[in-house]
Amino acid sequence: METQAETLSALFRQIEHDLGTRDLNQLVFQAFRDALRHVSINHFGSFIAQFKELLLLLKSTQPRYALIIEHFYRLYRFMHEIEEQEKDVPWEAVQERIAQHIRVIEHEDKEERKRLLENARSLKVEGKTILIFDHSHTVLDVLKKLKSDGQNFKIVIAEQDIEKTEDIIEVLHKAKIPFHVVPSYMLSHIDDTIDLLFFGCVTFKSNNQFVMDPGSAAIVSQFHLLKKAIHLFMTTSKFSLWDVSVSTAVYIHKNIRRHTKKPIEFERHKFSHDRVGLEYFTSIVTELGIFTPANFKAVFDEKHEERMKWQSRLFQGEEARLDTPDQGNHV
């Protein structure tokens with residue numbers, strides 16, 4: 001029988017694959033907000049206890065989704081502060097305040113993305129050819145912003161999963177951005193025509209690696225060797241603010257293929273994401289500014305230290321349940 005974490009993990013993985021990390025986060029927050037309107041609770045303290053278990057459940061999914069955890073963590077901090085300041089507060093008195101704070105978090109998330117786009121506008125891409133690969137809404141938003149600013153450029157789409165590539169094509173076509181498509185395994189034929197590369201990511205982890213769409217590592221490595229400029233776009237709310245170790249787990253699918261003589265059964269190892277080192281990127285564009293790899297790591301370390309202090313305060317004696325280093329997670 002599947003555990004709650006396994007069921008939730010499978011659901012999250014499918015949504016993230018189809019829609020992306022940020023849309024997954026928005027769906028989860030929407031579901032929680034809808035549930036909040038119908039929940040029957042006698043006391044606020046009881047709700048906080050249940051919410052803590054929900055947060056622990058979100059942190060036990062494989063993979064962990066940093067953006068979801070970050071937003072629910074901020075919500076828990078808000079509720080914890082209410083409980084500290086207002087002892088024995090009735091549920092009815094805080095229910096709407098919680099709903100309002102969810103709206104605040106969602107608004108701040110939108111503002112972060114707007115600031116990232118503003119910072120990205122400083123990139124000079126006039127007359128350039130940009131290679132894109134991953135199914136990143138952030139990258140597509142950046143391209144649309146640069147186009148609306150009057151910069152003219154061309155896109156080469158490195159083809160991957162057909163559904164994701166077709167979605168990218170629709171966005172670029174609608175934005176009137178010229179493009180053509182090249183299979184990702186044939187990029188060596190056109191690498192001299194590429195001026196720079198744009199990537200998004202799922203998260204950044206304490207082992208100095210970005211978690212990215214499968215296939216990203218090979219492309220980034222190839223063009224890093226060619227000394228091409230490679231820019232990555234992410235908001236810092238996507239940071240994985242916990243310790244990680246090297247992960248080796250994969251999805252294992254058993255396949256049976258029928259040939260002329262007899263069926264052959266084998267295991268098909270399919271990795272959910274790539275891990276790409278920070279040092280391969282020219283710059284990382286965030287809502288806080290544009291950073292070199294060295295400066296970017298300093299931003300992560302500062303936020304990680306702040307998270308650890310809050311975690312010790314909010315989860316006294318429960319840190320081990322929260323932040324056992326990732327082992328066997330797919331992201």
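In this chain, numbering begins with 1 at the start of the sequence shown.
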Is there a side-chain contact between [X] and [Y] in this structure, where contact means two heavy atoms from C-beta onward sitting under 4.5 Å apart?
{"X": "Leu116", "Y": "Glu112", "result": "no"}
{"X": "Phe300", "Y": "Asn208", "result": "no"}
{"X": "Met308", "Y": "Glu305", "result": "no"}
{"X": "His304", "Y": "Asp243", "result": "yes"}
{"X": "Ile157", "Y": "Leu172", "result": "yes"}
{"X": "Phe78", "Y": "Val104", "result": "no"}

For residues Phe296 and Phe281, establish whether the separation of their ring centroids is below 6.0 Å.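 No, ring centres 6.0 Å or more apart.
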
Whether Phe51 and Phe32 hold their rings parallel, tilted or perpendicular, with breakpoints at 30° and 60°: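 Rings of Phe51 and Phe32: perpendicular, over 60°.
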
Tell me whether the rings of Phe47 and Phe44 are parallel (<30°), tilted (30 to 60°) or perpendicular (>60°). parallel

Could you verify whether a donor N or O on one side chain and an acceptor N or O on the other, from [X] and [Y], lie under 3.5 Å apart?
{"X": "Thr203", "Y": "Ser240", "answer": "yes"}
{"X": "Ser216", "Y": "Asp213", "answer": "no"}
{"X": "Arg97", "Y": "Gln100", "answer": "no"}

Pairs in or reaching into residues 121-139: which pass salt bridge (charged side-chain N to carboxylate O under 4.0 Å, His left out), with residues at least two apart or in two chains?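 For residues 121-139, and leaving out neighbouring residues, the salt bridge (charged side-chain N to carboxylate O under 4.0 Å, His left out) pairs sorted by first residue read Glu118-Arg121, Arg121-Asp149.
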
In plain terms, say whether [X] and [Y] are close enough for a salt bridge, that is, a side-chain N and a carboxylate O under 4.0 Å apart.
{"X": "Lys144", "Y": "Asp141", "result": "yes"}
{"X": "Arg64", "Y": "Glu16", "result": "no"}
{"X": "Glu106", "Y": "Arg103", "result": "no"}
{"X": "Asp109", "Y": "Arg22", "result": "yes"}

Shortest non-hydrogen contact between [X] and [Y], atoms and distance:
{"X": "Asn152", "Y": "Lys147", "result": "OD1-NZ, 3.6 Å"}
{"X": "Met79", "Y": "Ile98", "result": "SD-CD1, 3.6 Å"}
{"X": "Phe29", "Y": "His71", "result": "CZ-CB, 3.8 Å"}
{"X": "Asp195", "Y": "Thr129", "result": "OD2-N, 2.7 Å"}
{"X": "Phe199", "Y": "Met212", "result": "CD2-CE, 3.4 Å"}
{"X": "Ser9", "Y": "Gln62", "result": "OG-N, 2.8 Å"}

Does Lys297, at its NZ atom, have more than 12 non-hydrogen atoms belonging to other residues, nucleotides or ligands within less than 6.0 Å?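 For Lys297, atom NZ is crowded (more than 12 foreign heavy atoms under 6.0 Å).
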
Are Val125 and Ile168 connected in a single hydrophobic cluster, I mean Ile/Leu/Val/Met/Phe/Trp/Tyr linked by side-chain heavy atoms less than 4.5 Å apart? yes

According to a 4.5 Å side-chain heavy-atom criterion applied to Ile, Leu, Val, Met, Phe, Trp and Tyr, with indirect links allowed, do Val156 and Ile169 form part of one hydrophobic cluster? no

Applying salt bridge (Lys or Arg N to Asp or Glu O under 4.0 Å), run through Lys303 and Glu306 and close with a yes or a no. CA-CA 5 Å; Lys303 287 184 174 289; Glu306 180 186 9; 5.5 Å; no

Pair Ile15-Asp23, side-chain contact (heavy atoms from CB on, under 4.5 Å): steps then yes or no: CA-CA 8 Å; Ile15 296 173; Asp23 282 358; 6.0 Å; no

For the salt bridge (charged side-chain N to carboxylate O under 4.0 Å, His left out) test, which of Lys59, Arg307, Lys238 pairs with Glu70? Arg307

For Asn119 and Arg115, indicate whether the former's side chain and the latter's backbone hold a donor-acceptor pair under 3.5 Å.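 Side chain of Asn119 to backbone of Arg115, a donor-acceptor pair under 3.5 Å: yes, one is there.
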
